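Here the structure is a predicted model, which means the values were calculated and not measured.
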Amino acid sequence: MLTEEKALFGATPVTFFEGPPDATALKPGDLGVNIDLFRQVKNHYNKAKENIACRVLADICQDIRDSGYLGRMDDSAARLSTTVVTVQRWRSRFADTGLLKRQNRNGLYSVDPKVAIRMDADGAAIKPTSDKKAIFKF
């Protein structure tokens, strides 16, 4: 069963952890993933068609951008051969359960560090950063 979850990640250099990923154990450019959460998602959503929940979560983990946020939903839908509505629905569900963090109400999400950590080229963990730190004033 464990090999099925690992097969979701393809050729990406991924390190699997039996709990929250440890950033100190990762090399620059690596992705650390909590494989135990994938087992829980698979068991919880066992009636989902082709278990799309695990496929969407694996795509989310691999889609962490240099800004720390997730990529576009339509790109994810194309990679998964599904609809944008399906990807949006799963992202929203994962945000409600705490696997993702909603950054705003316009569909900007980041991955919780207990799920996955991606390292940049310098070996630092990629975290969401806001370009707009200024407070809006009238």
Side-chain angles (χ1 to χ4, degrees):
M1 189 160 126
L2 182 62
T3 55
E4 290 178 25
E5 285 88 4
K6 290 183 177 182
L8 294 169
F9 288 92
T12 309
V14 179
T15 305
F16 297 102
F17 294 88
E18 289 292 332
D22 181 15
T24 59
L26 297 172
K27 297 181 289 244
D30 276 0
L31 173 67
V33 175
N34 183 346
I35 198 68
D36 190 46
L37 280 174
F38 279 85
R39 286 189 216 114
Q40 292 175 23
V41 167
K42 184 174 185 171
N43 290 336
H44 187 70
Y45 296 110
N46 62 352
K47 295 188 186 217
K49 182 183 173 188
E50 299 171 22
N51 212 340
I52 188 79
C54 282
R55 291 179 32 223
V56 171
L57 189 57
D59 184 67
I60 285 169
C61 292
Q62 296 175 84
D63 199 27
I64 299 171
R65 303 289 181 192
D66 292 336
S67 64
Y69 301 112
L70 300 181
R72 296 167 28 140
M73 281 190 257
D74 54 345
D75 294 338
S76 182
R79 284 191 299 271
L80 295 168
S81 300
T82 188
T83 65
V84 174
V85 173
T86 300
V87 173
Q88 188 276 332
R89 183 177 62 237
W90 282 109
R91 283 187 181 189
S92 180
R93 267 190 203 169
F94 292 146
D96 292 343
T97 58
L99 300 179
L100 296 180
K101 294 181 181 177
R102 268 191 190 92
Q103 299 298 325
N104 63 22
R105 290 288 179 187
N106 292 330
L108 187 63
Y109 294 96
S110 64
V111 178
D112 191 285
K114 71 181 177 197
V115 178
I117 295 176
R118 184 170 156 235
M119 306 302 278
D120 64 10
D122 299 328
I126 296 175
K127 297 178 182 170
T129 56
S130 176
D131 295 336
K132 301 175 181 102
K133 300 255 184 205
I135 297 172
F136 184 77
K137 296 179 183 177
F138 288 97

When rounded to the nearest 0.5 angstrom, what distance separates [atom1] in [X] from [atom2] in [Y]?
X	Y	atom1	atom2	value
W90	T82	CH2	OG1	11.0 Å
S110	Q103	OG	CD	4.0 Å
L57	L100	CG	CG	7.0 Å

Linked, directly or transitively: [X] and [Y] (ILVMFWY side chains, under 4.5 Å):
X	Y	result
F38	I117	no
V33	L26	no
I126	M119	no
V41	F17	no

For a 4.5 angstrom cut-off between non-hydrogen side-chain atoms, does [X] reach [Y]?
X	Y	result
F94	V56	yes
C54	Y45	no
N104	Y69	no
L31	V14	yes
D66	D120	no
P21	R118	no

What are the two closest non-hydrogen atoms of [X] and [Y], and how far apart are they?
X	Y	result
G19	N34	O-CG, 3.0 Å
S76	R91	CB-NH2, 4.0 Å
R65	G71	NE-CA, 3.4 Å
I35	E18	CG2-OE2, 3.7 Å
P28	A121	CB-O, 3.3 Å
A116	C61	CB-SG, 3.7 Å

List, by chain and number, the other hydrophobic cluster members for V85, where Ile, Leu, Val, Met, Phe, Trp and Tyr join if side-chain heavy atoms come within less than 4.5 Å, directly or indirectly. none
Set of residues satisfying salt bridge (charged side-chain N to carboxylate O under 4.0 Å, His left out) with respect to D59, sequence neighbours excluded: R79
Is there a donor-acceptor contact under 3.5 Å from the side chain of R102 to the main chain of A95? no
Test your reading of the model: is there a side-chain donor-acceptor pair from D122 to the backbone of A124, 3.5 Å cut-off? no
Using a strict threshold of under 4.0 Å (side-chain N to carboxylate O), is an ion pair present between D96 and R93? no
